[in-house]
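All remarks here apply to the structure that follows.
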Amino acid sequence: MATGAVNDALAAIGRTEDLRFSPDNRLLAVAGYGRRRCLMLRIDIEPTAGAARIVIRDFVELRSDSMGEVHGLDFIDNRTFVVANRDGLVAVFALPQGDPAGQGHEISPLRVIKGSRFCRLRTPGSVAVRRESHGRLSLLVCNNYTHRVTRHVIHGRWGYRALWNQVLLEQGLDIPDGIALSHDGRWVAVSSHGTNDVKIYDMSAPLWR
């Protein structure tokens with residue numbers, strides 16, 4: 001169940017390309033590709049006499065100069081998220097303090113990820129966050145029109161600066177359009193728009209590009 005204000009916000013967001021839950025499942029992020037922004041919905045689960053009821057009463061709309069054609073997004077933690085802009089780069093953001101309260105906020109990125117000279121981001125479409133050892137994180141990014149998935153390792157201690165960048169996957173990909181990880185981070189699934197299929201890779205084994 002959603003309030004009228006939430007329904008209006010959803011109707012106004014325009015074309016969308018992706019959505020993700022926060023780790024605690026209290027927020028649902030919606031990529032506003034058409035209007036170059038993100039919509040965060042506050043999710044509440046209420047017990048009833050029959051079964052639990054999902055209620056959405058609150059939201060916040062986020063805008064930034066570092067948000068363009070927002071094609072993909074994922075959460076780093078419950079307060080930090082990453083956005084892949086198909087017409088730009090990948091940016092890391094922190095949520096504004098306080099309750100959503102149906103407001104709109106202009107926010108600045110904590111970090112913009114560009115890649116490196118030999119592994120530069122191009123038309124990033126979707127992104128998944130993989131947790132690594134020692135607090136490190138890997139951003140797995142679908143580069144739509146260069147037909148590859150790149151990996152960018154970051155750490156919050158160093159302000160989410162990319163510590164290294166590498167091409168992770170290329171073979172068999174044709175406009176990789178979506179990416180998702182298993183809960184344990186072992187398996188990664190990548191969909192290709194050009195071949196209309198999903199390929200699943202074992203991250204615990206060497207990946208041949």
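Hydrogens, waters and symmetry mates are skipped; everything else that's a heavy atom, side chains included, is used.
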Original post:
Would you call R15 and E69 a salt bridge, taking side-chain N to carboxylate O under 4.0 Å as the test?
Top reply: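 Salt bridge between R15 and E69, a charged N being under 4.0 Å from a carboxylate O: no.
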State, with a plain yes or no, whether a side-chain heavy atom of [X] is found less than 4.5 Å away from one of [Y].
X    : Y    : value
R186 : D202 : yes
I43  : F21  : yes
R86  : Y145 : yes
H105 : R63  : no
D65  : E106 : yes
M40  : L62  : yes
V190 : V198 : no
S116 : W164 : no

Original post:
Is N78 atom CG crowded by more than 12 heavy atoms from other residues, nucleotides or ligands, each under 6.0 Å away?
Top reply: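 Yes, because the 6.0 Å sphere around CG of N78 holds more than 12 heavy atoms from other groups.
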Original post:
If you draw a 6.0 Å radius around NZ in K114, do more than 12 non-hydrogen atoms from other residues or ligands fall strictly inside?
Top reply: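 Counting other residues, nucleotides and ligands, NZ of K114 stays at 12 neighbours or fewer.
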Subject >> Audit row: V127, L140, side-chain contact (heavy atoms from CB on, under 4.5 Å) steps and yes/no >> reply: CA-CA 5 Å; V127 58; L140 308 184; over 6 Å; no
Subject >> M67 vs F93, side-chain contact (heavy atoms from CB on, under 4.5 Å): CA-CA, chis, key distance, verdict >> reply: CA-CA 10 Å; M67 288 186 193; F93 294 95; 3.9 Å; yes
**OP:** Apply the test side-chain contact (heavy atoms from CB on, under 4.5 Å) to residues V70 and E17: give CA-CA distance (whole Å), side-chain angles for both, the deciding distance (0.1 Å), then the verdict.
**Re:** CA-CA 8 Å; V70 182; E17 287 288 344; over 6 Å; no
Got a second to check how far [X]'s [atom1] is from [Y]'s [atom2], nearest 0.5 Å?
X    : Y    : atom1 : atom2 : value
C119 : N165 : SG    : CG    : 5.0 Å
T195 : I175 : OG1   : CD1   : 9.0 Å
L39  : I13  : CG    : CD1   : 5.0 Å
R122 : R120 : CZ    : CZ    : 6.5 Å
T80  : L110 : OG1   : CG    : 6.5 Å
D18  : S126 : CG    : OG    : 5.5 Å

Would the distance check show the side chain of [X] and the main-chain N or O of [Y] forming a donor-acceptor pair, the cut-off being under 3.5 Å?
X    : Y    : answer
R161 : G159 : no
S64  : I107 : yes
N143 : G125 : no
H134 : R136 : no
T150 : V167 : no
D74  : V129 : yes
R20  : L28  : no
D99  : A101 : no
N85  : D87  : no
N144 : P176 : yes

Original post:
How far apart are the closest heavy atoms of P23 and F75, and which atoms are they?
Top reply: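 Scanning both residues completely, I find the closest heavy atoms to be CD-CB, 3.7 Å.
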Original post:
Can you name the nearest heavy-atom pair linking C38 to F81, along with the distance?
Top reply: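 Answer, listing the atom of C38 first, then F81: SG-CE1, 4.3 Å.
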Subject >> Residue pair S191 / H193, side-chain donor-acceptor N/O under 3.5 Å >> reply: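 There is no such pair between these side chains.
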**OP:** Name the orientation class of the two ring planes belonging to H71 and Y33 (parallel below 30°, tilted from 30 to 60°, perpendicular beyond 60°).
**Re:**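 Geometry flag for Y33 against H71: perpendicular rings.
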Is there a path of hydrophobic side-chain contacts, each under 4.5 Å between heavy atoms of I, L, V, M, F, W or Y residues, that connects [X] with [Y]?
X    : Y    : answer
L163 : I154 : no
L173 : L168 : yes
V55  : L27  : no
L169 : L139 : no
V92  : V141 : yes

**OP:** Check the pair S138, R151 against side chain to side chain donor-acceptor pair (under 3.5 Å), reporting the backbone distance first and the verdict last.
**Re:** CA-CA 6 Å; S138 286; R151 178 181 180 228; 2.8 Å; yes
**OP:** Tell me, with the steps shown, if I45 and R53 meet side-chain contact (heavy atoms from CB on, under 4.5 Å).
**Re:** CA-CA 6 Å; I45 300 177; R53 181 176 63 175; over 6 Å; no
